[in-house]
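Notes to accompany the following structure.
All residue numbers in this chain count up from 1 along the given sequence.
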Amino acid sequence: MKIRKAVIPAAGLGTRVLPASKAMPKEMLPIVDKPAIQYIVEEAAKSGIEEILIITSRGKTTVEDHFDRSPELEERLLKSGKQDVYDQMVSISSLANICYVRQKETKGLGHAILCAKSFVGSEPFAVLYGDDVIIGENPVCKQLCEAYEEHGLGVVGIKEVTPEQIKKYSSMKLSPLSGRQFMITDMVEKPATMEETFSLYSILGRCVLPPEIFGILERIPYGVGGELQLTDAMKELARDKGMVGVDFEGRRYDMGSKLGILEAIVEIGLGHPEVGEAFRAYLKGLSL
């Protein structure tokens, strides 16, 4: 079944990147000349997603404004003869059919996904975490959608992390399927010790879920940190039918961390068609 819908949870407070996120949503922090969330929406659109729901919270209306039309700005650009820039601005509003819902309380990723129940309906859907910008020739969301269409099971994007990092993420119990795909039969959120750790493979930023996930989220208890953990719900899917893990191709940037933001700006900046060459020369000058 083709995946048509995607959910982008973007309601977090961004405490790891304060004070930058005090008045500006971390999803709107720029990577060169585009806010982080635009890269995520573009990835979804390139993956064939037609409808996107962005989960927001109080103080994040700038996210909605960014994907809306701006008649005054567009008129000024046309009068100034800046047709290319005008075309870029108009294209932002036509990437996909985007709607919004507020998560009134930050009760975890699972709670945020529950806010999308009426939007999703009875279809499978993609989830693109608002903290994670992933750059690559083959969109990660597309890689996962293709795996879902192949196997008919929930799919998660996974990467191997360090023993230190696994305690901050989730750990997958898995076995090889083919290529970069694995069968996942269990998982644990933020394992406290290596004894609780199944492997060093963790979910990083992307998944495709069947609609059954909502029923599970509605009945499971709140977990780690007093939050409704999406991992706890996916664990039930994995134990019942299994899930597919895709060791995805692409470079991930954690936009919820200061180092991740710097890495994204530098690496994406070096490949930018307008400023990349001059930026590279600048960085070389700094290293002397």
Interatomic distance, [X] atom [atom1] to [Y] atom [atom2] [nearest 0.5 angstrom]:
| X | Y | atom1 | atom2 | answer |
| --- | --- | --- | --- | --- |
| Lys173 | Asp186 | NZ | CG | 6.0 Å |
| Ile40 | Met255 | CD1 | CE | 8.5 Å |
| Ile8 | Asp132 | CD1 | CG | 11.5 Å |
| Ile54 | Phe119 | CD1 | CZ | 10.0 Å |
| Glu123 | Leu209 | CD | CG | 13.5 Å |
| Ser47 | Arg4 | OG | CZ | 15.0 Å |

Is there side-chain contact between [X] and [Y], with heavy atoms separated by less than 4.5 Å?
| X | Y | result |
| --- | --- | --- |
| Phe248 | Ile158 | no |
| Ile52 | Asn97 | no |
| Tyr253 | Ile265 | no |
| Glu249 | Glu137 | no |
| Leu230 | His111 | no |
| Val120 | Phe214 | yes |
| Leu109 | Gln229 | no |
| Leu73 | Tyr86 | no |

- Task: Mind running side-chain contact (heavy atoms from CB on, under 4.5 Å) on Met243 and Met187 for me, showing each step along the way?
- Result: CA-CA 10 Å; Met243 295 187 73; Met187 62 183 73; 4.0 Å; yes
Around [X], counting heavy atoms of other residues, nucleotides and ligands shown, do more than 12 lie under 6.0 Å from its [atom1]?
| X | atom1 | value |
| --- | --- | --- |
| Arg280 | CZ | no |
| Arg76 | CZ | no |
| Glu277 | CD | no |
| Arg58 | CZ | no |

- Message: Strictly by ring pair (Phe, Tyr, Trp, His ring centres under 6.0 Å), give each pair with a member in residues 134-186 just once, sequence neighbours left out.
- Response: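 The answer is Phe182-Tyr201.
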same_hphob_cluster([X], [Y]) at 4.5 Å side-chain heavy-atom cutoff:
| X | Y | value |
| --- | --- | --- |
| Leu174 | Val246 | no |
| Phe67 | Ile55 | no |
| Val7 | Ile98 | no |
| Leu53 | Val41 | no |
| Leu144 | Val244 | yes |

Examine distances only and state if a side-chain atom of [X] and a backbone atom of [Y] form a donor-acceptor pair shorter than 3.5 Å.
| X | Y | answer |
| --- | --- | --- |
| Arg16 | Gly256 | yes |
| Gln143 | Asn138 | yes |
| Gln38 | Lys34 | no |
| Ser171 | Ser199 | yes |
| Gln181 | Leu177 | no |
| Thr197 | Thr193 | yes |
| Gln103 | Glu105 | yes |

For [X] against [Y], the heavy-atom pair lying closest together:
| X | Y | result |
| --- | --- | --- |
| Leu228 | Pro221 | CD1-O, 4.0 Å |
| Phe279 | Val266 | CE2-O, 3.7 Å |
| Ala264 | Ile31 | O-CG2, 3.6 Å |
| Ala36 | Val133 | O-CG2, 3.6 Å |
| Ser57 | Ala11 | OG-O, 3.0 Å |
| Ser170 | Ile203 | OG-N, 3.4 Å |

- Task: Determine, stepwise, if the pair Cys141 / Leu128 fulfils side-chain contact (heavy atoms from CB on, under 4.5 Å).
- Result: CA-CA 8 Å; Cys141 182; Leu128 297 88; 4.1 Å; yes
- Query: Under the side-chain contact (heavy atoms from CB on, under 4.5 Å) criterion, do Asp33 and His272 qualify, and how do the steps go?
  - Reply: CA-CA 9 Å; Asp33 54 0; His272 195 280; 3.0 Å; yes
With a 4.0 Å cut-off, would you call [X] and [Y] a salt bridge?
| X | Y | result |
| --- | --- | --- |
| Glu50 | Lys5 | no |
| Glu43 | Arg206 | yes |
| Lys26 | Asp131 | yes |
| Lys159 | Asp247 | yes |
| Lys2 | Glu149 | no |
| Lys117 | Glu218 | yes |

- Query: With Leu204, which of Val140, Val156, Val161 fulfils side chain to side chain contact (heavy atoms under 4.5 Å, CB included)?
  - Reply: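 For Leu204, the side chain to side chain contact (heavy atoms under 4.5 Å, CB included) check succeeds only for Val161.
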- Task: Would you please test Lys79 and Glu75 for salt bridge (charged side-chain N to carboxylate O under 4.0 Å, His left out) and show each step?
- Result: CA-CA 6 Å; Lys79 286 182 177 179; Glu75 183 181 1; 3.2 Å; yes
- Query: Do Gln88 and Asp84 have side-chain atoms, one donor and one acceptor, less than 3.5 Å apart?
  - Reply: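 Gln88 vs Asp84: no donor-acceptor pair found between side chains.
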